[in-house]
Amino acid sequence: MKTITWPQAEIPVVAETEVLVVGGGPAGFGAALTAARMGRKTMLIEQNGAVGGVATVGIMSHWTGHQEGGVFAELREKARDCECPEVINPEKLKALMLNMLEDAGVTVQLYTWCSDVIMEGNRLCGVVTESKSGREAILSEITIDSTGDGDVAARAGVPYDKGREDGGMQPMTIMFKIAGVDMDRALFFWGFEDTVALPEGDLQTLCREELPYPAGHVLLYPSSLPGVVTVNMTNAVHADGTDVRDLNRAGRECRNQIPLIVDFLRRHVPGYESCYVCESANAVGVRETRRFHAAYQLNETDIASARLFDDWVVTKSRFFFDLHNVTGAGLDAAGAYKKFQQKSSYTIPRGCFLPEGTDGLLLNGRNIGGTHKAHSSYRVMPICVNMGQAAGVLAALSLEQGCAPGELDMRDVQEKLRIQNVEP
């Protein structure tokens, strides 16, 4: 590859903080809110113009997965916009999450990318950012990588894995909304195997036959707005969410599928005869990229057995192995959806947040230590919110006690979590 030499330059330090949260999605929100509420000087940077990630700029329809207690329970209740507390109103959520962070004393800086890290040996001391204000530096005593893709940890040199053993990662999606739906007749499809027999054939079968590969499944969810339905049917495979060219290709493919999907719905699904697109997500939704090597790697057996770890920091999480097909539409056979029988909740231990070989850094959200299959369960937003809460507690307590997060007495950590409505 052809290269150029870039001149070395002094970078202004525009902020110094105790806790720096990079990424303002559900996990980053939980981390920043909690650290600030525990009295630590906290700053959050986010590349988009709103916090909330997939829940807001990604216009996700509902809180997928099951999570009890903690920050998520508080957020869901405050965000509730209709009879069903699981349905998300992204516009309401954008303002609510920002206001909660600001009320807690978090310094929020949007439109800001993390482009590099500042290291002293194996200790991360801050990050370099890029924004309309140019290249700047933010110094921190502890940084929480809530970027989803683990951009901070990767630049810090923490080893990681991507996807399954052959590198295949779950497909990407652009969520969109359609209006003009006759809600008295409308059908909704929450799972890939939900279907209906039509005079012209089985709906899911028709979808696979008529929509171009790799699209080919029907997922339709109610929204909090009259006549509006959220659609989760675009699909882009063989794409790496850490590669900008792949992101561009995936976004283009998904957007080109949208009019074909709308036409399919008009022709086949009762209640959708006059539907039309009224909104689409600003960015393609990425389900899976890096998972980092940590003090513990959560695995599928831990989840399937509802394991209660001695060093639990996230509790009462429950979701099946939501593995989307790596090579096409629908679910991946490796997820064994029909065979998942566990009705009890699982926990996530502290070790999953402690990156291998790097101090001053915590993992958070879908980038924590875990296997490809386990990741498909813990990656969902409700669980990520409470992962953020756990990371915030670990960061705040480590600063208070002057030790690394991995050196904290778990009795102290769990006592703080219990005070914050997190129980095993």
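Please read these numbers as outputs of a predicted model, since none were measured by experiment.
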Worksheet item: In chain order, what residues pass the ring pair (Phe, Tyr, Trp, His ring centres under 6.0 Å) check against Y221, with sequence neighbours excluded?
Response: H62, W190

Worksheet item: What distance separates I348 CD1 from F353 CZ, expressed to the nearest 0.5 Å?
Response: 5.5 Å

Worksheet item: Does I258 reach the side chain of T234, with side-chain heavy atoms less than 4.5 Å apart?
Response: yes

Practice prompt. For residues L362 and L394, determine if any side-chain heavy atom of one lies less than 4.5 Å from a side-chain heavy atom of the other.
Written response: yes

Worksheet item: Just checking, any donor-acceptor pair under 3.5 angstrom between side chains of D202 and T195?
Response: yes

Worksheet entry | Approximate separation, where rounding is to 0.5 Å, of D149 CG and E288 CD | 11.0 Å

Worksheet item: Can you tell if the side chain of N48 reaches within under 4.5 Å of the side chain of L110, non-hydrogen atoms only?
Response: no

Practice prompt. Kindly indicate whether a cation-pi arrangement holds for R307 with Y346, taking the cut-offs as under 6.0 Å to the six-membered ring centre and within 45° of the axis.
Written response: no

Worksheet item: Are Y111 and Q47 close enough that some pair of their side-chain heavy atoms sits under 4.5 Å apart?
Response: no

Item to complete: Please tell me if the side chains of F29 and L75 come closer than 4.5 Å, counting only heavy atoms from C-beta onward.
Response: yes

Worksheet item: How would you list, by chain and number, every residue that makes a ring pair (Phe, Tyr, Trp, His ring centres under 6.0 Å) with F192, sequence neighbours excluded?
Response: H217, H324

Discussion item. Does any part of the side chain of L124, heavy atoms only, come nearer than 4.5 Å to the side chain of D359, both counted from C-beta?
Written reply: no

Worksheet item: Is the count of non-hydrogen atoms from other residues, nucleotides or ligands lying under 6.0 Å from Y276 atom OH greater than 12?
Response: no

Practice prompt. For S146 and N364, test the side chains for any donor-to-acceptor distance below 3.5 angstrom and give the result as yes or no.
Written response: yes

Worksheet item: Can you find a pair of side-chain heavy atoms, one from E356 and one from F292, that are under 4.5 Å apart?
Response: no

Worksheet item: Of R287, R164, K373, which is the lone residue that meets salt bridge (Lys or Arg N to Asp or Glu O under 4.0 Å) with D332?
Response: R164

Fill in: Worked check of salt bridge (charged side-chain N to carboxylate O under 4.0 Å, His left out) between E91 and K94
CA-CA 5 Å; E91 294 306 314; K94 287 176 186 176; 3.0 Å; yes

Discussion item. Y378: which residues meet the ring pair (Phe, Tyr, Trp, His ring centres under 6.0 Å) condition with it, sequence neighbours left out?
Written reply: H375

Practice prompt. Just jot down the side-chain hydrogen bond (donor to acceptor under 3.5 Å, both in side chains) partners of E68, sequence neighbours excluded, or say none.
Written response: H66

Fill in: For L211, side chain to side chain contact (heavy atoms under 4.5 Å, CB included) partners two or more places apart
C207, A215, M233, L260, I261, F264

Worksheet entry | Chi angles and distances behind the salt bridge (charged side-chain N to carboxylate O under 4.0 Å, His left out) call for R80, E83 | CA-CA 8 Å; R80 184 169 179 162; E83 291 183 3; over 6 Å; no

Worksheet entry | Salt bridge E415-R411, side-chain N to carboxylate O under 4.0 Å | no

Item to complete: Take R418 and E423 through the test salt bridge (charged side-chain N to carboxylate O under 4.0 Å, His left out) and record every step on the way to the result.
Response: CA-CA 6 Å; R418 283 189 167 100; E423 293 283 350; 3.2 Å; yes

Worksheet item: With sequence neighbours excluded, what pairs up with E141 under the salt bridge (Lys or Arg N to Asp or Glu O under 4.0 Å) test?
Response: none

Practice prompt. With salt bridge (charged side-chain N to carboxylate O under 4.0 Å, His left out) as the test, would you mind laying out the steps for D240 and K162 before giving the verdict?
Written response: CA-CA 9 Å; D240 183 345; K162 281 186 187 177; 2.6 Å; yes

Worksheet item: Any chance NZ of K416 has more than 12 other-residue heavy atoms, nucleotides or ligands included, within less than 6.0 Å?
Response: no

